[in-house]
Amino acid sequence: MGATESFPGDGPVPEMHHYYSKFMRECPSGQLSLHEFKKLLGLQGLDPQGDLYIKRVFDIFDLNQDGFIDFLEFIAAINLVIRGKIDQKLKWYFKLYDADGNGCIDKKELLSIFTAIQAINGHTDMSAEEFTDMVFQKIDVNNDGELTLEEFITGVERDRNLMELITKSFDLSNVLKAIQNGRRHSI
């Protein structure tokens, strides 16, 4: 009696309500296109590398691959970023890096995505080449120049510094803050 009503799932209802109203205000059709996604995050006019990264993030959030992010996909993405367990996040990062979808990450893919992320975040302690070499040196156990999902997750979980670096570099909470606070649209 008088207690707040609870629903199945992890999140408090007002938070989901906030995201729902924000999503519907920004995207009344209920289908967020890549263009609208960039606009929502205030990320138009990026260089080609930055564009590539945002497109990869969009494609991974677009679970059914129909070219749009609907509200359920949007919420699934937010839940992963906010509440996802570390191995779920590492699987997501792996998917992000594996540009050709062959189940392995090679140096070229990692270099490409890290360069794109640097283009958006702007700040970094090392070059994309140094980052890529360091990751492969630490976790490519069989030295075949490719990382499988298992090598990637095991290697990152074993190395605290690498875990911190990857988590910090690929942190999408700034993307969520932009969604939550709402960016002013440049006119």
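Just so it is clear, the values below take in all heavy atoms, side chains as well, and ignore hydrogens, waters and symmetry mates.
- Counting non-hydrogen atoms of neighbouring residues, nucleotides and ligands closer than 6.0 angstrom, the NZ atom of K89 exceeds 12 such neighbours.
- Here the CD1-CG distance, from I153 to L147, works out to 11.5 Å after rounding to the nearest 0.5 Å.
- Judged by distance alone, the side chain of E164 and the main-chain N or O of N161 form no donor-acceptor pair under 3.5 Å.
- Ring-plane geometry between F152 and Y97 is classed as perpendicular, the angle between the planes exceeding 60 degrees on a 0 to 90 degree scale with a lower cut at 30.
- Across every non-hydrogen atom of G155 and I139, the tightest pair is CA-CG2, 3.2 Å.
- Put simply, the side chain of L32 does not reach to within 4.5 Å of the side chain of E73, judged on heavy atoms.
- The aromatic rings of F61 and W92 sit tilted relative to each other, their planes meeting at an angle between 30° and 60°.
- Counting non-hydrogen atoms of neighbouring residues, nucleotides and ligands closer than 6.0 angstrom, the CD atom of Q65 exceeds 12 such neighbours.
- Side-chain contact between L111 and E129 is present, with heavy atoms from C-beta onward closer than 4.5 Å.
- Residues F58 and L52 do not share a hydrophobic cluster, clusters being chains of Ile/Leu/Val/Met/Phe/Trp/Tyr side chains in contact below 4.5 Å.
- Using a 4.5 Å cut-off on side-chain heavy atoms (C-beta onward), K38 and D51 make contact.
- Between K107 and V135, the closest side-chain pair of non-hydrogen atoms is not below 4.5 Å.
- Taking each heavy atom of G145 and D140 in turn, the nearest pair found is N-OD2, 2.8 Å.
- Within a 6.0 Å radius of CZ in R160, other residues, nucleotides and ligands contribute 12 heavy atoms or fewer.
- Taking CG of D159 as the start and NZ of K138 as the end, the distance is 3.5 Å to the nearest 0.5 Å.
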Item to check | Audit row: K55, D59, salt bridge (Lys or Arg N to Asp or Glu O under 4.0 Å) steps and yes/no | outcome: CA-CA 6 Å; K55 170 97 172 81; D59 289 345; 3.0 Å; yes
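- Each of L96, L149, I86 was evaluated against K91; a single residue qualifies, L149, per the side chain to side chain contact (heavy atoms under 4.5 Å, CB included) test.
- The shortest heavy-atom contact between T148 and C104 is CG2-SG, 4.2 Å.
- Between the side chain of D62 and the backbone N or O of D66, at least one donor-acceptor pair lies under 3.5 Å.
- Proximity of a side-chain donor or acceptor of S112 to a complementary backbone N or O of K108 within less than 3.5 Å is not detected.
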Next on the checklist: Pair E151, I105 - check side chain to side chain contact (heavy atoms under 4.5 Å, CB included), show working.
Outcome noted: CA-CA 10 Å; E151 273 180 316; I105 302 168; over 6 Å; no
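- At least one donor-acceptor pair closer than 3.5 Å links the side chain of D98 to the backbone N or O of N102.
- Proximity of L165 to F131: side-chain heavy atoms (C-beta onward) are separated by under 4.5 Å at one or more points.
- Looking at E36 and I69, their side chains never come closer than 4.5 Å, going by heavy atoms from C-beta outward.
- Closest approach of Q88 to K85, counting heavy atoms only: OE1-N, 2.7 Å.
- Taken from OG in S29 to CZ in F68, the straight-line distance is 7.0 Å, to the nearest 0.5 Å.
- Distance check, rounded to the nearest 0.5 Å: CZ of R158 to CE of M163 gives 11.5 Å.
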